[in-house]
Every structure is written in C-alpha cells, then in structure tokens.
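First the proteins, then the strands, lettered A, B, ... as listed; each starts at 1. It should be emphasised that the depicted structure is a prediction, and the values quoted were computed from it without experimental measurement.
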Amino acid sequence: MRTLFLYTALAGLFFLNACAKTDNYDGPNASMQGQVMDKVTKKPLLTGQGEFSIRLLETSWSDNPAPQDLAVRQDGSYSNSKLFQATYTLQPYGGPFWPAEKIEGFQLGASAEQNFEVTPYLQIKNVKWTLKAENKLDVSCSLTAPVTAGLPQVIEVRPFLSLTPYCGAGNRIDAYYKDEYRTLINKNWSEIGDMQTGEGTETYTINDLPLKSGYTYYVRMGAKVRDTYEKFNYSEIEVIKVP
Amino acid sequence: MAIIGLFLCSGMQSCKKMDLDPLGVLGEDALFGNEAGARKYVAGMYSYLPIEDFVYHPERGFRWDNYWQNSETLAAMSGEMTGQFWGVAGAQGFGYWPYDRIRNVNTLIAGLPKYKANYTEPGYNQILGEAYFLRAFYYFALVKRYGGIPIITEVQDPTGDKEQLQVKRSKESEVYRFIYQDLQQAMTLMAATSERGRANKYVAAALCSRAMLYAGSIAKYSGYSNLAGDATDKELVGIKREEAEWFFKQAYDAATLVLTGPYSLYNKNAQDKELNYVNLFLDLDSPEDILIKEYSLTAPHNNRLKHSYDATHLPNPTFSSDNESAAYPVLNIVELFGELPITDATGKPIRYSDRKQLYSELEPRQRATFYFSGMELREGAERRAFDIQRGLYKTFPGKAADAQMGSGTAAINSESNRILAGPKNSLFDFNGTKINITGEHGMWKDGHANNTRTGFYIRKYINYKMSTKDVKLYNSTQPWKIFRLAEIMLNKAEAAYELGLIKNDETLKQEAFQYIAQIRDRAGAKPYHYNSAAANLSGKYGYPLDGNLQFIREERERELCFENHHWWDIRRWRIADVELNNFVPNSLMPYLVLDELKYAPNGERINSFIFIREKEPWNKTFNFEKKWYYEPIPGGELNKNPNLYPQNPIY
C-alpha cells in the first residue's frame with residue numbers, strides 16, 4: 001500500500017510540473033505617430049475626431065492578420081504607444097479621400113513617425129455665414145473636387161454645429177442633424193461642377209438654423225460622396241458667438 | 001501492486017465485441033430505407049429550415065424562444081414599424097452558419113440512391129427533390145446574408161485532409177447559380193402537389209423566382225453602392241452587371257411556372273375586399289398559399305411551434321391579456337397606400353366629428369393592413385374600438401403646417417393651447433365639462449410602452465377571431481406565409497420590367513402591369529396604368545430609375561409589408577443607405593379641438609377631431625450603415641477556416 005501512496009504522490013508531481021514554459025515574448029512596447037496631410041493644400045486633412053483611422057496589418061505574424069485601427073484625431077494626427085515591434089502594412093483607411101497607397105513591409109522598431117498624404121474627394125470653399133434677427137443663422141458654401149474623373153456621386157451638404165471646438169459627425173448637436181437642414185444632391189460631378197477645373201458651379205445654402213443667445217457655436221460645413229465609407233469632408237471651423 | 005495490476009488487466013477484457021449497432025438510434029437503413037423513415041428525416045430538416053416567421057429574431061436567430069420579443073422583427077428594422085427598444089440593431093445578424101443542416105441534406109442526397117429499390121418511382125423522386133429544395137433554401141438564407149460562401153455538396157469526412165475541409169468561398173454569382181441548379185433538379189423531380197407545409201414543384205419554382213430576382217437586382221445595382229474591398233474585387237460580394245439579364249430571365253421563367261400551378265389570389269369574400277384581405281392571412285385553406293408554416297399549441301415546446309404575434313402587437317388589457325404592444329406601423333408606410341384626407345385645399349386640418357370618417361373612403365387593403373383610431377376589434381362583450389388621441393387643442397384656427405410636425409416650439413403648441421397628459425384617462429376641465437385628454441391606447445405625453453406612438457396599430461396577421469382572454473404569450477397559432485401567389489406575381493412583374501429595360505422591350509414592360517393590375521384589383525385599389533413616358537427618378541438613389549419601376553417596387557412594399565420582405569428588398573435594391581439615412585418616422589396624431597365642440601339638442605357632444613402629422617415623439621432614428629449590405633462572416637468560422645478570408649467590405 002505504501003508504494004501505491006508513493007506512486008500517487010509522484011503522479012501528483014507530474015501535474016504540478018505541467019506549465020513550465022513561460023511567455024518570453026516582448027510586450028507591446030513600440031510607439032508610432034504621425035500626421036495625415038491633404039495632398040492638395042499640403043495642410044493637415046480636415047476631418048472630425050476619430051472619423052477614420054490608420055489601418056495596421058501585422059504581416060510578420062500571420063497571413064490573415066486581424067486589422068488594427070489607430071484612430072485619427074480632428075487635427076489629422078494619430079499616435080499609439082502600445083504596439084508590438086513587428087512588420088506592418090500601413091494605410092489611411094475609411095476616410096473621405098481617394099484610396100490611399102499602402103506602405104508595405106514597414107519595420108516598426110522602438111518608435112517611428114510616419115506621415116501620410118491623401119487626396120480628399122471634396123474641398124469645401126467659400127463658407128459664408130450671417131446671423132440674422134432672432135438668432136437665425138444662414139450658412140453657405142461651394143464645393144471643389146481635386147480629382148473629378150471617377151468621383152462617386154455627391155450625396156449631400158450639411159452643417160455641423162457643436163458647443164466645443166470638437167466639431168464633426170461624431171461631435172455634433174443632433175438637433176441640427178436633420179433633413180430640413182441639409183441640401184440633398186445625389187448627382188454626378190458633371191452636373192454640378194466643371195470636370196476640367198474641378199470647380200463646383202453651385203452654392204449650397206442652409207437657412208434659418210435657430211441658435212441660442214449667449215452661446216458660442218463651432219460650425220463647419222460637411223459634404224460627402226457615395227464611396228464605400230461615406231465620410232464627410234469638412235470646411236475649417238467657424239466660431240460664432242451669439243450675442 | 002501485482003494484485004492491482006491484475007485487477008486492471010481484468011478490466012481491459014470486458015468489452016470484447018464493441019462493434020454493435022446502438023439500440024434506440026435510427027441508422028441509415030431505417031431512415032433512408034423506406035418512405036416513412038425518409039419522411040421523418042425530412043421533417044427534422046423542415047423544422048430547422050431558416051424561415052423568417054413570427055419566431056424569427058434578426059439578431060438572435062430562427063426559432064427564437066423569447067416570445068415576448070416577437071415584435072422585434074425585420075419590419076421594425078426596415079422602417080416599416082417603429083418599436084420600443086429595437087431599431088436597426090439586428091443588421092449584422094447572428095452569425096448564421098447552418099453547415100450542420102446542409103450536411104444532413106447532403107447525407108440524404110448521398111445515401112438515398114442505395115435504397116432506391118425500396119421506393120416507388122414518384123416517392124423516391126419526391127424525397128430526393130425535396131432534399132435539393134431544402135439545400136437551396138439553406139444556401140439562399142446564407143447568400144442573402146453573406147454574399148459568396150463555400151458551396152459544400154458532399155458529406156465531408158471530419159478526419160480528412162485539412163486543406164480539403166477548409167473550403168474557399170465561392171463568388172456570390174456562383175452561389176446563386178448553384179441554388180438555381182438545385183432548384184431545377186427539385187422542380188424536375190417533385191410532383192405538382194404535396195401535403196400542406198411540404199415542398200412540391202411549384203414551391204421550388206417560387207423559391208427560384210425569389211432567389212433569382214435577388215441575384216438579378218444585385219447584379220444590376222451592386223455597382224452603384226461602391227462597396228469597395230478585397231471581397232468585392234474577388235466578386236465574393238456583388239455580381240457583374242452583365243449577368244443581370246440572365247438572373248432576371250430565370251426569375252421570370254420560374255414565376256411563370258408557378259402561375260401555371262393550381263393557385264389563385266385569395267378572393268373568398270370578394271364583396272368585402274377589406275375583410276377578404278384580413279382573412280387572407282388567417283384562412284388555413286387559401287388557394288393563394290404556396291407554402292406555409294403551421295403552428296400548434298400542443299406541439300412540444302422545444303419545437304417552437306407557437307408564437308406571440310397577437311400579444312406583442314396589441315395593447316393590454318383591451319385586446320391582449322398578457323404582454324403589450326411594442327411596435328407600431330409608421331405613417332410613412334400608411335401614406336404609401338394613398339394620401340390620407342387630413343387637410344383641405346387651403347391646408348387647414350379637416351374636421352371630423354368621428355375619427356372613423358378618416359379612413360372610410362380609403363383603399364380596402366390599407367384598412368385591412370392597419371388599425372386606425374376608431375376601428376373595432378373582438379366580438380360580443382369584448383368588442384372595443386381603438387381609442388387613439390394625442391391631446392386637446394383649445395383652439396386651432398390656422399393651417400396644419402402651423403403645428404410644425406408637432407414641435408414643442410411652435411406657437412400653436414404652447415402649453416396653454418395644446419394640452420397633453422401623462423397617465424391615461426387624465427381629464428381636462430373645459431368650462432366645467434371633464435374631457436379625456438388622451439386616448440386609451442395612446443398616446444401619452446412622451447410615449448409609453450403599450451401605447452402607439454405613431455397613431456396606428458398593425459392589423460395584418462392579427463387574429464381577430466381570438467378572444468382577448470386567450471391573447472397571451474405562446475398562444476398564437478395563425479400560420480406564416482412563406483410563399484404566397486401575390487409575391488410571385490410581384491416577382492414576375494419586377495423581373496419582367498427589369499428585363500424590358502435591359503432589352504428595351506415595351507411588351508415586357510407592359511406585361512409587368514398585368515400582374516400589378518390583378519393585385520390591385522384584389523386589394524380594391526385604384527388601377528395604375530403603364531406610363532410610356534414615365535418620370536425619371538434617377539436623382540432619388542443616384543442610379544437610373546423610372547416612375548413605373550418605382551411603382552412596382554412600392555406596390556411590392558404595400559402588398560408585402562410586415563411580411564419580412566422589405567428589409568431584404570432595400571438591401572438588394574441598394575437603397576437602404578439612402579432610405580434609412582437619419583430617418584425619423586412620421587406619426588398621425590388625432591386631437592380634439594375644444595372651442596369647436598357642439599352639443600346636440602339631446603345633450604350629446606358633437607366632436608371636432610383634427611389629425612396632425614408629427615415626427616415620431618421618441619425621435620427614434622433609423623440609420624443604415626453601408627457595410628450592412630452584407631453581414632460579416634462570423635469570426636469563429638474565420639478562425640476555423642482561414643480560407644474564408646477576405647472578410648466582407650468595411651468590417
């Protein structure tokens with residue numbers, strides 16, 4: 001019987017031994033940052049907070065990597081300090097611009113900076129606003145297309161209002177995101193603009209946005225085309241103080 | 001030790017003969033070897049057939065057990081209805097992946113020929129044809145969700161080579177063509193008639209007309225939705241435009257075959273078209289039914305063969321004694337049947353002394369599809385009217401537009417002029433007379449569960465013959481129409497018109513309106529005539545569209561609303577991202593105007609009701625994200641089979 005106990009005890013030791021292999025891979029200690037620029041204006045791309053991303057595919061690990069998306073801020077910058085040191089494919093993804101080129105085989109060491117240039121579908125120009133009696137706001141703009149050939153249909157133009165400097169589709173006062181405050185277009189560029197120069201021929205006006213006295217509004221115009229992602233191109237932000 | 005060793009050795013001896021057939025499990029020969037066995041096997045597959053019926057939940061799956069969620073339907077996702085806690089939430093589905101069921105079918109197709117000698121020729125053909133039909137049904141449920149998916153036609157060996165088990169996705173077009181082939185087989189093999197609830201030749205043709213129509217419109221319109229990505233480049237989603245003609249032709253031919261079958265539009269109560277249309281959905285013996293799913297209160301619960309449609313769509317306690325109504329038809333779809341007489345020529349609201357007058361002249365089908373305020377339900381002592389009233393106006397001298405869609409900031413809607421109330425049956429003291437502020441069934445000030453927020457309740461499929469005390473959860477059994485003739489006629493009309501456009505053939509385009517005419521005649525609707533100079537509506541969705549085609553689409557919506565078609569229709573037409581772009585439904589709210597109340601000589605009050613078009617008061621907004629044109633391939637399946645990559649666009 002004693003031998004049996006001994007065997008049982010020995011068998012137990014085998015179980016205790018089982019997990020001896022420890023994870024000795026490096027943690028996610030690499031960082032990466034950069035800026036998405038507008039290829040036409042050479043300025044940071046006009047966007048809203050977190051409306052598109054830099055898509056990372058870690059190609060050194062698997063053939064079908066799950067994409068990691070680094071959100072892009074309103075000023076067009078992005079950064080992340082918890083990445084693995086590895087080989088990546090990088091691409092600005094899901095934004096209001098022509099498909100951007102992929103950067104393949106990007107070796108990420110301890111830290112890196114990588115900027116991107118993209119061509120926006122539309123530029124919003126000539127934003128004009130007037131604050132009328134009873135605090136009603138009229139705002140107008142026109143469009144320009146840097147590349148006209150193959151431009152998807154233009155869907156709509158609409159204003160975005162916010163009470164903070166963050167202003168866009170993700171940071172908006174919902175009360176103004178209504179059908180009555182938009183211009184529905186649904187037309188090809190050839191019907192609303194010049195195919196050679198890319199200048200739009202029409203002015204889009206949104207009338208009688210009711211504002212409240214004593215508030216400071218951050219206002220920008222947005223327009224989108226029927227591409228895959230249907231994100232907005234924006235104008236610069238106008239600051240409107242309502243007396 | 002030696003003793004223990006011996007003891008262990010003796011244990012090893014016990015089961016000498018292990019290759020015994022288990023008792024209590026039906027083997028292949030029992031199931032496939034005779035018609036009764038095959039019938040049982042097939043019945044099991046019908047039970048799990050992906051039918052989007054009363055107990056289908058878009059985000060939870062088929063045969064969903066939480067019956068109090070029977071109001072969370074595809075109709076409440078597509079903007080036909082607006083619910084309480086449920087919107088477009090289910091658009092990404094529930095990861096449906098029925099390859100286990102498909103394997104069952106494949107087992108039957110592979111195993112049956114061995115036993116052919118045991119069958120009569122028609123009996124054998126019927127079972128085999130049914131198997132092909134069932135397989136097509138499963139694949140259609142997959143392809144309309146995911147686009148291209150792996151086509152598996154054999155019984156895979158689970159211990160086989162990994163590379164062979166990990167089947168790649170086929171193109172979306174190839175899957176639809178595979179469905180076509182299976183259904184052709186099924187049509188050739190099966191007889192013209194079958195017992196109720198089982199497939200026959202015409203049932204297979206009905207599925208074929210629906211599936212091929214879907215494929216045709218995806219071929220024609222998918223290019224316009226600009227759904228870019230690897231899956232699009234490989235044609236796993238989307239079909240080339242030049243294939244549209246072939247698919248529309250197959251849809252047309254399959255529908256033609258169904259129309260030669262023994263079916264006719266339900267018209268048993270031709271003299272009362274409203275009642276006729278109501279009964280169409282309740283009569284178990286309808287010549288319009290091609291395939292239905294029946295329910296039974298006595299079936300074992302795990303078969304999920306009962307539902308709660310009545311209890312989840314009618315207000316409690318007046319018409320339901322359990323649960324409450326939780327989804328309401330929106331005004332937009334009510335008005336699709338025709339304008340309601342709300343305002344006069346000058347734009348002022350028309351005055352009604354009785355709310356029933358509003359709908360008395362409307363299309364019978366419209367009255368049969370929705371419960372308007374004032375309509376009555378139940379028999380005898382239980383008979384009551386739907387009492388829907390939003391509130392009171394002290395005075396309403398101006399135009400309907402003055403109410404600004406019910407906005408609280410409109411001058412006429414100031415709290416001193418428009419009286420709303422919280423709990424029902426609150427009374428307002430008007431010059432000494434106490435007057436109910438709201439209706440019993442809606443709506444309270446800010447909307448409330450069990451009360452309509454749109455001014456309507458659904459009538460289609462509601463079993464008016466039930467007693468209110470029986471309207472409970474798990475207690476409804478009216479059958480679900482999987483295929484009915486009206487849909488096939490609409491399939492044929494749409495396919496004919498699309499073919500006419502592609503081939504520039506006026507005859508085909510005009511033919512479409514023969515079927516529209518039959519459907520509208522049964523519905524009691526005004527005739528619509530083919531317009532050879534139809535309006536150009538290409539601005540609507542940004543692709544070529546004319547007024548006739550738009551009418552055919554709208555007729556489909558009118559005839560088939562709340563039957564779980566529209567969600568798939570707006571997907572295949574690629575209009576969902578336009579139709580459901582920040583969409584807030586409209587409501588129609590009855591108000592009583594106090595300063596116009598009069599009294600008859602006998603002291604009876606003569607009411608003055610007006611109907612105001614308002615934004616749905618919860619401001620529930622529908623948005624369709626473009627990626628939802630396809631559901632994502634389930635993550636668990638991608639892990640098991642990397643050959644399923646690439647994922648569908650934008651996921």
When you look at [atom1] of [X], are more than 12 heavy atoms from neighbouring residues, nucleotides or ligands closer to it than 6.0 Å?
X	atom1	value
A/Lys132	NZ	yes
B/Glu242	CD	yes
A/Trp61	CH2	no
A/Glu101	CD	no
B/Tyr651	OH	yes
A/Glu180	CD	yes

Which region of [X], side chain (C-beta onward) or backbone (N, CA, C, O), has a non-hydrogen atom less than 4.5 Å from a non-hydrogen atom of chain A, or is it both or neither?
X	answer
B/Ser225	backbone
B/Tyr629	neither
B/Tyr224	backbone
B/Asn619	side chain
B/Val584	neither

With a 3.5 Å distance limit and no angle check, can you tell me whether [X] reaches the backbone of [Y] through a side-chain donor-acceptor pair?
X	Y	result
B/Lys626	A/Asp227	yes
B/Asn226	A/Thr228	no
A/Asn186	B/Lys540	yes

Work out which heavy atom in A/Tyr93 is nearest to a heavy atom in B/Ile650; give both atom names and the distance.
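Taking A/Tyr93 first and B/Ile650 second, the nearest heavy atoms are OH-CA, 3.6 Å.
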
Residue from A/Gln153, A/Arg226, A/Lys178 scoring the most non-hydrogen pairs under 4.5 Å with chain B is A/Arg226

Okay, A/Glu191 and chain B: the region with an atom under 4.5 Å from a heavy atom over there is neither

* To do: Count the heavy-atom pairs under 4.5 Å between each of B/Thr621, B/Thr409, B/Leu227, B/Leu638 and chain A, then report the option with the highest count.
  =>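 That would be B/Leu227.
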
Is the shortest heavy-atom distance from the side chain of B/Asn581 to the side chain of A/Glu230 under 4.5 Å? no

What do the steps show when you test B/Asn582 against A/Arg182 for side-chain contact (heavy atoms from CB on, under 4.5 Å), and what is the final call?
CA-CA 11 Å; B/Asn582 210 32; A/Arg182 73 161 173 180; over 6 Å; no

